[in-house]
Amino acid sequence: MNIIQSDASVLPDLANRNETDIAIQIESLECVCLATEIAKPVVTSFGKMLKRPALFLRIKDRHGNAGYGEVWCNFPSAGATYRKNLLGEEIFSLVVGRNFHSPAECYSFLTSKLQVLKNQSGDIGAISQCIAGLDVACWDLIARRADLPIRKLFSRASDVVPAYASGINPDSALEQMESARELGFNQFKLKVGFGLGRDTTNVEVFAKSLLPDETFMIDANQAWDVANALNASQRFKQFSPLWLEEPICADRPTREWQTLKTSTTIPLAAGENFADKEAFHEALSADWIDVVQPDVCKWGGLTGCIEIGRQAVAAGKMFCPHSLGGGIALAASAELLAIVGGTGMVEIDSNPNPFREKIFTQRTHNGCLHLHDQPGLNIDESEVVRLFDT
Ligand SMILES: [Mg+2]
């Protein structure tokens, strides 16, 4: 499969936008690093989250216009503090006071400028996550300045995006499904990777609890090798999940993914742990991937993920942005899907997270988010401002 190589300049395409509208000069960059206790851990095949961390950032231009971003920081537990230091010590001096013609130019500049540090430190992920969060803030700023939701900078963006409930853990799967159903969801993603016997029982009970118009997906969070993944997919295929997500490690060789692809009828999903654009291109070129899932605050920001999303949709894939963070990340993810379009869904974590619940106030009805028309990211700005200014 040939991947259309773009010029990496994701630009708003509304005819009445001129260059000045999307130019940006950052005058200040602030970060707030937070964590809150939760009563019930978020359970995955590789560990439990005992707290909900968050790293939010705010930029302002010389006119006082603000833009907000979020940096993925779920793991390890000290990750938020480290990324905050990266932003303050390595990125602040690169961007503050510099003129950029667009968010995409800022993204490309940082990606190029920080490549040596990525190589020297080996901290590819953390640095990419900081760049992604800052990119989201740049898009938020230019959209707020234009008094438009980010998606309205693009001419064919939708105001409605399908959504699904994710993060459903093996200990309380049916209760979480029912709670999500009451919140307007009709598609649900179950965690697996806790032993084949337990997984099979859970998948069967889960599948048989679906109502006629409902569907489900399975997420193994990189739990297996190829042999175990094939075993699991053989067991699960009778329940017709919409996809099987990360059955093996995201960075396993293409030939292993292709082996899975040719041996199972369940569509394969991945992308939240791809380290760079080349990994997306390789998966699309090799054609083993069915569902493409970048996380807008983990790699790429809106600039990188719009480009990958368009390539995924052009290749006939489902584009389903990953999200498991605070409300800014989710808001950016929803705007991203609205811009990219296609047949995908936005992922909404069904586990409690006060940051997400307060900041992202849009609700799901009949399996869809009907996006608000507030400027920028469509978040409750007063809640975010309170985090920075108190
Ligand atoms: Mg996942």
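In this chain, numbering begins with 1 at the start of the sequence shown. Atoms within each ligand, like the ligands themselves, are counted from 1 in listed order. Keep in mind it's a predicted model, so treat the numbers as computed, not measured.
The atom of Glu272 nearest to the Mg ion (ligand 1) is OE2, with the search restricted to N, O or S atoms. Distances from the Mg ion (ligand 1) to the N/O/S atoms of Asp219 are shortest for OD2. Looking at Glu245 and the Mg ion (ligand 1) together, the shortest N, O or S contact belongs to OE2.
Geometrically, Arg198 engages Phe194 in a cation-pi contact, judged by NZ or CZ lying under 6.0 Å from the ring centre and within 45° of the ring axis.
Proximity of Ile24 to Ile59: side-chain heavy atoms (C-beta onward) are separated by under 4.5 Å at one or more points.
Between Phe274 and Phe280, the gap from one ring centroid to the other is short of 6.0 Å.
Residue Gln187 holds its CD atom at 11.5 Å from CE of Met177, rounded to the nearest 0.5 Å.
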